[in-house]
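Inspection log for the structure reproduced underneath, given as structure tokens.
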There are 2 protein chains.
Amino acid sequence: MTKHAEDRYELFYWPGIQGRGEFIRLAFEEAGVPYVDVARQSAQEGGGVAALQKALRGDGKSLKPFAAPFVRVGDVVVAQVANVLQFLGPRLGLVPEDEDARRDAHQLQLTLADLVSEVHETHHPISNALYYEDQKDEARRRASAFVGERLPKFLGYFEEVLERNTRSEGRHLVGEALTYVDLSAFQVLSGLGYAFPNGLAQVAANIPRLLALRDHVAARPRIAAYLASERRLPFNEQGIFRRYPELDAAPVH
Amino acid sequence: MTKHAEDRYELFYWPGIQGRGEFIRLAFEEAGVPYVDVARQSAQEGGGVAALQKALRGDGKSLKPFAAPFVRVGDVVVAQVANVLQFLGPRLGLVPEDEDARRDAHQLQLTLADLVSEVHETHHPISNALYYEDQKDEARRRASAFVGERLPKFLGYFEEVLERNTRSEGRHLVGEALTYVDLSAFQVLSGLGYAFPNGLAQVAANIPRLLALRDHVAARPRIAAYLASERRLPFNEQGIFRRYPELDAAPVH
């Protein structure tokens, strides 16, 4: 493996959406590490969607990814968001040193990934190959179950993890300091606030630590600068978190 | 951490189904390592569903799991199937030594986990809290998209991974020898054959290496003995892979 300081970090993900790529972007941004968001570069710079599609076909040496996002660091290609963050975490200083804490971080990241998949299912319960408009009725049923049952269950779990993490006095999900899991939790809460403002409002009183973590991450200097920059794409209705008011819970009065 | 030879392996999972626990059971069985399937023991032995539910509430020391399955090895509690297998793989001799191969194995396991989740969605596209009968129409639409698009895409991917793995002449997914990923691929193919016999038949001609891998795993002495034992629960309509003929593709003539 090449030395970390010499690594050139390349992120491969679809341009135009935060999507699952955002969990990786946030790690690079918090670490202050330069990275190339390949598909958002021009074709002249060797980027664009064509470069992403070429990389998706595999390089014949490393394991071909099933899907984006993935990262390339030297000769190493790593796919699956949680796997990518497990790989990058130690390199970017975003996970503790000890093995148990790293495994816990990964376990929480996989649970966040499950939540993210369920969010995606709310607007695509039948098929990703169909438009939302072609599965709107099913989406309404699915979203109702998500907001009513799954959202409170997942967020209640993460709140409890924070509460039990006395090493950080409930401020971080793993260990004593910020990890990539905290960054991902911020992203999930931001996305839920965009897609399900009423649904999130209904559970807000039960998740004070989680909301404080979200606000803490948003205020970290590098993250705040990133969020204010053009590198941060806005939420939109092509990504995972989509604002379809008919899928959000009724507001609480 | 305690010495491996002294470890007592406990699996916590719902009794009565193969479910996601089966990926872990297969690893223990292939390794020939004794393990306790806690919820399938009697209450007198300290087992049963009550023991599982107690463990799900957390021990106050280790990270509380979000859901079963999880394993306990000494003081260590590990949840999320792919995370569990990443933890057990080196201990059970089911993954190569080198770091790159281990990361590849984990990446493939996560991709199998995505496939397994999509299989579950075919019979529960709206909510896990509802019966299949209450989401049967949506299930039919979802399953049609799964069998028509997703199943060929996933299996075609894994076939290509085998084909490209010249180190094992296309016989194993990672490296030169059997890994936990091969065991999980066997389980997925067995489950697909149970739930979607027509769907699988439609792609069979395109996945010769994958089917050979499935048959190779089934014939390994310890796995063959396991499959013939009472420890192997039958597939049924409470697990992930369910035989609902109306969700399977029409047979090819």
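Residue contact with chain A, scored on non-hydrogen atoms closer than 4.5 Å, involves the backbone and the side chain of B/E138 alike. Interface residue A/E160: only side-chain heavy atoms are found under 4.5 Å from chain B. Only the side chain of B/D114 comes within less than 4.5 Å of a heavy atom of chain A; its backbone N, CA, C and O stay farther away. Looking at B/V78, the atoms closer than 4.5 Å to chain A (heavy atoms on both sides) sit in the backbone and in the side chain alike. Interface remark: B/Y157 contributes side-chain atoms only to the contact with chain A (heavy atom separation under 4.5 Å). Looking at B/Q107, both its backbone and its side chain come within 4.5 Å of chain A, counting heavy atoms on both sides. Proximity to chain A (any heavy atom under 4.5 Å) is shown, for B/F146, by neither the backbone nor the side chain. Of the two parts of B/R164, only the side chain, counted from C-beta on, holds a non-hydrogen atom closer than 4.5 Å to a non-hydrogen atom of chain A. Using a 4.5 Å cut-off between heavy atoms, B/V77 contacts chain A through its backbone alone, with no side-chain atom that close. For chain A, the nearby part of B/Q86 is the side chain; its heavy atoms alone come within less than 4.5 Å.
When each of A/V174, A/N165, A/V84, A/L108 is checked for heavy-atom pairs under 4.5 Å with chain B, A/L108 comes out on top. Between chain B and the residues A/S144, A/A129, A/P125, the most heavy-atom pairs under 4.5 angstrom are made by A/P125. For the set A/S117, A/A113, A/A139, A/P65, the count of heavy-atom pairs under 4.5 angstrom toward chain B peaks at A/P65.
Using a 4.0 Å cut-off between charged side-chain N and carboxylate O, A/R142 and B/E121 make a salt bridge. Here A/E22 pairs with A/R25 in a salt bridge; the nearest charged N to carboxylate O distance falls below 4.0 Å.
You'll find the ring centres of B/F241 and B/F196 outside the 6.0 Å limit. Close placement of the A/F66 and B/F154 rings is indicated, their centers lying within 6.0 Å of each other.
Under the 3.5 Å distance criterion, the side-chain polar atoms of A/S184 are matched with a main-chain donor or acceptor of A/Y180. Not a single donor-acceptor pair under 3.5 Å links the side chain of A/N198 to the backbone N or O of A/D248.
Partner of A/F70 under the side-chain contact (heavy atoms from CB on, under 4.5 Å) criterion, chosen from A/I24, A/L11, A/L52: A/L52.
Between the side chains of B/R102 and B/T179, not a single donor N or O lies within less than 3.5 Å of an accepting N or O.
Between A/H124 and A/H120, the two ring planes are parallel [angle under 30°; tilted spans 30° to 60°].
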